[in-house]
Each structure stands twice: as structure tokens, then as C-alpha cells.
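Report on the structure given below.
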Amino acid sequence: MNIEQIYTGCLAQGAYYIESNGEVAIIDPLREVQPYLDRVSRDNAKIKYIFETHFHADFVSGHVTLSKESGAPIVYGPNANPSFDAIIATDGQEFQIGELTLKALHTPGHTMESTTYLLKDANGKDYAIFSGDTLFLGDVGRPDLAQKAVDMTMEDLAGLLFDSLREKIMPLADDVIVYPAHGAGSACGKNMMKETVDTLGNQKKMNYALRADMTKDEFVKEVTDGLLPPPKYFPLNVKMNKEGYDDISDVLDRGTTALAPKAFETVANETGALVLDVRHQNEYVTGHIPRSIFIGLNGDFAPWVGALVADTKQPILLVTPEGQEEEAITRLSRVGFDGTIGYLEGGFDAWKKAGMDYDTINSLPAEKVLKAINDKKVPVFDVRKVGEYQSEHIVDANHTPLSMLNDHLAEFPKEETFYVHCAGGYRSVIAASILKSRGFHNLVDLAGGYTALKNAGVEVTDYVCPSTL
């Protein structure tokens, strides 16, 4: 028996490769499927089934392409209604993988088709669960993503999730291993642990949602409390996962069109494409194409694109570090952004050498702004997450989380100089790029973010532990 968790940090997503006697099951694969095909070739094995725990909202799964390439059927749980051929398992249905058995446990609540797959070893002993977004480590899946599709409230779905956990998962033995679909950083839950594998017994002790004495009303309240609005691209990803999508090879062919500076500018003007600069924030600050948006590959690239661009059909032109064009296109496609139509050949250096206009962002270190902030001479805008701000922030700082920036542009002064900061400098440059593209040229990015500002002596509020909020 071989079980491998294939974890993708930028999506906080776990796919799974299970092999026994030359037969393989893949659970919740990434969109780029060649690594799975290469792996089964090395193992001299064959993919027998492709299991999907539910219709994912936060990424586009590779199930459709992998099925076409491998010939293996796709398996969903009860209530699934994809537009393509698939096995719709019944609750309790079993699938053989060599000497192993995967049993479908219908666990609705996150979505109506959500299914946990219970792995039994060669002796029939319960060994592990692949819990999708039903059970995370430290949390459970949010119950507000499927309500429009099934005409149910999130409270109704939370109630179903309570029943699923207590009827299907909590009765399992404490030594059963939990393999979730996501870890810390995913927008599919609230309080996920940084670990990506645990035992069910430890989760029964650590996970608030598995408290033995919890009532359904208490569960519904705790699970639904404090949920932020889901990113706008989520329903578009669900649609792609249900209806199918282009092969990633076709997306790459379209996107890897090299454009010289003049051609790049012409295509941008003719198509209305978003110019997306994915270099390091320090490079973007010192020079970038006017009205381009920065979202760097070195951070949570794809989720931020999804949260801030929203329209997966948006044509995109890329400015990348040399040789990272395919990486950027691939990571965009993982969250359903298939509209890349080319990249700047030679990168930003070629743009400058061609004599094209470029812009910069005024960025200052903490020491340069210390007095102005403490004397309340310049307004400060904090773009960190709600929990970060509530835990500790600069006294009198305004708070506009980056994820909500597009909906709160009216809060920023048009003429008066203002400062923007995040925790370390990545998100504030994203915010600054969006603001500049909307006509706010009077901003100053605070290099080094909150950490640098606090260390420099900026007046901050008393610290409050995030777990008590």
C-alpha cells in the first residue's frame, strides 16, 4: 500500500495518490495532470479511478483531463450532477484498488454532494479517510458555498454537516488517519491547522466542531459565525468543475505567445486585457507598466488573483521574471483563469529599453514615516485581514482588507497623501497597484509592513490573542 499526499502550498490543497498491486486511485487531482501520468508510468501501474470529494469552488480539478488521458472513470458521491460521464456512487458503495477498498461515505453539509472516502486495508481494517472539505484539521468546511445551488440556507447546510460528522465520521476509530483537501490558508474554512495529516482521535480532542457534548444549535452557530464573503471566482470554478474545461495544454499554447513591447501594448489596447505583473514586489515598485496590476508569484498568487480579478474570462497579458511564463499561466489556470493571451518578451527590462513609458510606486521605510504617523499627520490604511487588524494595529489606522479593496475605493482620499501597509509588504503593493490603476497617485507604500513599523516605534494598540476574538 502506498499513499502519497501531493500538497500544493499556494492553494493550500492536498491531492492524493493511492497505489496497491499496480492499481491507482487519484483523489482531487490538480489541473495539470502530467505528473500523475508520469508517476503511474514509473510505478508500472494504471489509474483505476479518479475520485472527487465534491465540486470544488477554490480550484479547478484535473479530473476531466486525467480521465481523458488515462481512461479511468471519475467518481462522485450522491447528488452530484456533472455534465460529463461519471460514476455517481451510492452511500456505502465500495471500490477495489488492488488489495485496498475505498468506501464512499456521503457527508453532505459543505455541499450536498460532499463525500468522504474511507480507505480499508488488505485486512478490511479502517485505515484512513479522505475527507475533502467535510473535515479539515482544526475546522470543518464552510456551509455557505452551495446554498444558492440547492435552495438551502447556510444554517440548513450546517445542520446537515453536524449530522454527517456525527453519523459517518466520529464513530470511526481514533487511529484512523485524516487526509483533508485543504490546510491553513484556504478560504474554504476558518481555523485550519498548519499540519496537513492527523489522526481522527486527535481531531476529536483538538477540533472545536467535533466536541462530543456539542448540540446541533451550538454547532450551527459556531460554524456560521464570522464567515467572510467567499471570493467571487468560487461559483465560476464550481461551474468549470461540473461542466468541464479546456485542456491545460491548450491554455498554455494560447498563453505562451511572446510579444515584443510595441506588440504587447497594441494587444493590450485592442483587447482590453489586464496587464498582470507577477515579479517580486520590490521590482514592481521601482518600475512597472502604467495601470498594470501587481500580484507576485512569490506569495499566495492564484487565490489573490481569484479574489481581486474575479472574472475568470478576463483576457490577461503577463509581465513575468524570465522563464516563469508557464508557471504563471499554470497557476492562473488552477483557479480557472484561462484567458492569458501572451507575455512581455524580454520582461520589463525590454519595455524600458524600448523607451516605453513606465510608472513607479513611492515606497518609504518605517523610519521615514515614524513621526508623520505618530503625529497623525498622514492617514494610514491597513490592508491586512480582519483577524490581523483586530489583534493589533497602528493607532487610528483605517482598515480595508485587501480582499474587499475593490468595494471600498471611495474610502481613500483622492488628493491627500496617504500610507498603505500590510504585514510584510506583499499585499500592500497589490493594493497600491490597484489603487494607482484607479487614479490614486497620492499613496505611499510602507516598505516592510506592520512588522517594520512596530519595530521602528510606531504607536500600536494593545495585543489581543487572535484565538480570543
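As the structure is a prediction and not an experimental result, all values here were calculated from the model. When reading the values below, keep in mind they use all heavy atoms of this one structure, side chains included, and skip hydrogens, waters and symmetry mates. Note that the numbering runs from 1 along the sequence shown for the chain.
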**OP:** Please test Asp175 against Asp126 for side chain to side chain contact (heavy atoms under 4.5 Å, CB included), starting from the C-alpha separation and ending with a verdict.
**Re:** CA-CA 9 Å; Asp175 63 353; Asp126 294 347; over 6 Å; no

**OP:** Please report the C-alpha distance between Arg254 and Asp246 in whole Å, then the side-chain angles of each, then the deciding distance to 0.1 Å, and finally whether the salt bridge (Lys or Arg N to Asp or Glu O under 4.0 Å) criterion is met.
**Re:** CA-CA 11 Å; Arg254 292 195 299 267; Asp246 291 343; 3.4 Å; yes

**OP:** Under the side chain to side chain contact (heavy atoms under 4.5 Å, CB included) rule, what do Thr360 and Val285 come out as? Steps first, then yes or no, please.
**Re:** CA-CA 5 Å; Thr360 62; Val285 163; over 6 Å; no

Original post:
Run the side chain to side chain donor-acceptor pair (under 3.5 Å) check on Glu94 and Thr101 step by step: do they pass?
Top reply: CA-CA 6 Å; Glu94 296 184 344; Thr101 303; 5.0 Å; no

Original post:
Run the side chain to side chain donor-acceptor pair (under 3.5 Å) check on Asp58 and His182 step by step: do they pass?
Top reply: CA-CA 10 Å; Asp58 61 311; His182 292 293; 3.0 Å; yes

**OP:** Would you sort out whether His56 and Asp28 count as a side chain to side chain donor-acceptor pair (under 3.5 Å), showing the intermediate values?
**Re:** CA-CA 9 Å; His56 304 282; Asp28 293 338; 2.9 Å; yes

Subject >> Verdict with reasoning, Leu135 to Leu200, per side chain to side chain contact (heavy atoms under 4.5 Å, CB included) >> reply: CA-CA 10 Å; Leu135 176 64; Leu200 182 57; 4.1 Å; yes

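Annotation: Lys204, atom NZ; neighbour count of heavy atoms from other residues, nucleotides and ligands within 6.0 Å is above 12. Other residues, nucleotides and ligands place more than 12 heavy atoms under 6.0 Å from the CE atom of Met170. The number of heavy atoms from other shown groups lying within 6.0 Å of OH (Tyr127) does not exceed 12. Around the CG atom of Asp85, the shell of radius 6.0 Å holds no more than 12 heavy atoms that belong to other residues, nucleotides or ligands. Residue-environment remark: OH (Tyr358) stays at or below the threshold of 12 foreign heavy atoms within 6.0 Å.
In this structure, the side chain of Asp121 engages the main chain of Lys125 through a donor-acceptor pair within 3.5 Å. A donor-acceptor pair is defined here as one N or O able to donate and one able to accept, closer than 3.5 Å; such a pair exists between the side chain of Glu23 and the backbone of Gly98. Although no hydrogens or angles enter the test, the distance criterion places a donor-acceptor pair under 3.5 Å between the side chain of Ser67 and the main chain of Ala72. Put simply, the side chain of Glu155 never gets that close to the backbone of Gly159: no donor and acceptor are under 3.5 Å apart. At distances below 3.5 Å, at least one donor-acceptor pair connects side-chain atoms of Tyr117 with backbone N or O atoms of Glu52. For the pair His106 (side chain) and Thr116 (backbone), a donor-acceptor distance under 3.5 Å is absent. In this structure, Thr196 contributes its side chain and Lys194 its backbone to no donor-acceptor pair below 3.5 Å. Between the side chain of Asn79 and the backbone N or O of Met112 there is at least one donor-acceptor pair closer than 3.5 Å. Between the side chain of Thr199 and the backbone N or O of Asn202, at least one donor-acceptor pair lies under 3.5 Å. Judged by distance alone, with hydrogens and angles left aside, the side-chain atoms of Asn207 form a donor-acceptor pair with the main-chain N or O of Asp139 at under 3.5 Å.
Between the side chains of Tyr16 and Gln5, at least one donor N or O lies within less than 3.5 Å of an accepting N or O. The closest side-chain donor-acceptor pair between Thr153 and Asp156 falls under 3.5 angstrom. No donor-acceptor contact under 3.5 angstrom links the side chains of Ser333 and Thr330, judged on distance only. Ser292 and Asp277 form no side-chain donor-acceptor contact under 3.5 Å, judged by distance and modelled atom types alone. Using a 3.5 Å distance cut-off with no hydrogens or angles, the side chains of Glu325 and Thr256 do not pair a donor with an acceptor. Neither side chain, Ser61 nor Asn241, offers a donor N or O lying under 3.5 Å from an acceptor on the other. Counting only N and O atoms by type, the side chains of Thr134 and Thr107 include a donor and acceptor under 3.5 Å apart. Remark: the Gln34 side chain and the Asp38 side chain contain an N/O donor-acceptor pair separated by less than 3.5 Å.
Here Lys353 does not pair with Asp349 in a salt bridge; the nearest charged N to carboxylate O distance is not below 4.0 Å. A salt bridge does not link Asp357 to Arg291: none of the charged nitrogens lies less than 4.0 Å from a carboxylate oxygen. A salt bridge does not link Glu99 with Lys120: none of the charged nitrogens is closer than 4.0 Å to a carboxylate oxygen. Classification of Lys313 and Asp311 as a salt-bridged pair fails, no side-chain N sitting under 4.0 Å from a carboxylate O. Under 4.0 Å is where a charged nitrogen must lie from a carboxylate oxygen, and between Arg39 and Glu19 no such pair does. A salt bridge is defined here as a Lys NZ or Arg NE, NH1 or NH2 lying under 4.0 Å from an Asp or Glu carboxylate O, and Asp407 with Lys232 meets this definition. Between Asp338 and Arg31 there is a salt bridge, since at least one side-chain N of the basic residue sits less than 4.0 Å from a carboxylate O of the acidic one. Taking the charged nitrogens against the carboxylate oxygens, Arg331 and Glu326 have no contact shorter than 4.0 Å, which rules out a salt bridge. Between Asp91 and Lys168 there is a salt bridge, since a side-chain N of the basic residue sits under 4.0 Å from a carboxylate O of the acidic one. Salt-bridge check for Asp133 with Arg142: failed, with every basic side-chain N at 4.0 Å or more from each acidic carboxylate O.
If you take OG on Ser83 and CD on Glu243, they are separated by 4.5 Å, rounding to the nearest 0.5 Å. Annotation: the span from Asn81 atom CG to Lys242 atom NZ amounts to 4.0 Å, rounded to 0.5 Å.
Residue Phe51 is tested with Phe130, Tyr76, Phe95, Tyr17 for a ring-ring contact (aromatic ring centres under 6.0 Å, His included); the sole match is Phe95.
At a threshold of 4.5 Å between non-hydrogen side-chain atoms, the residues Leu318 and Ile329 count as touching. Residues Leu276 and Val319 are not in side-chain contact: their nearest non-hydrogen atoms beyond the backbone lie 4.5 Å or more apart. Inter-residue side-chain proximity for Phe219 and Arg166 is flagged as met; some heavy-atom pair is nearer than 4.5 Å. No side-chain heavy atom of Asp43 sits less than 4.5 Å from a side-chain heavy atom of Val24.
Between Phe337 and Tyr233, the ring planes are tilted. Angles from 30° to 60° get that label. Classification of the Tyr284-His288 ring pair by plane angle, with boundaries at 30° and 60°, yields parallel.
In terms of heavy-atom proximity, Leu344 sits nearest to Phe264 at N-CE1, 3.5 Å. Pairing each heavy atom of Gln13 with each of Phe59, the nearest pair is NE2-CZ, 3.4 Å.
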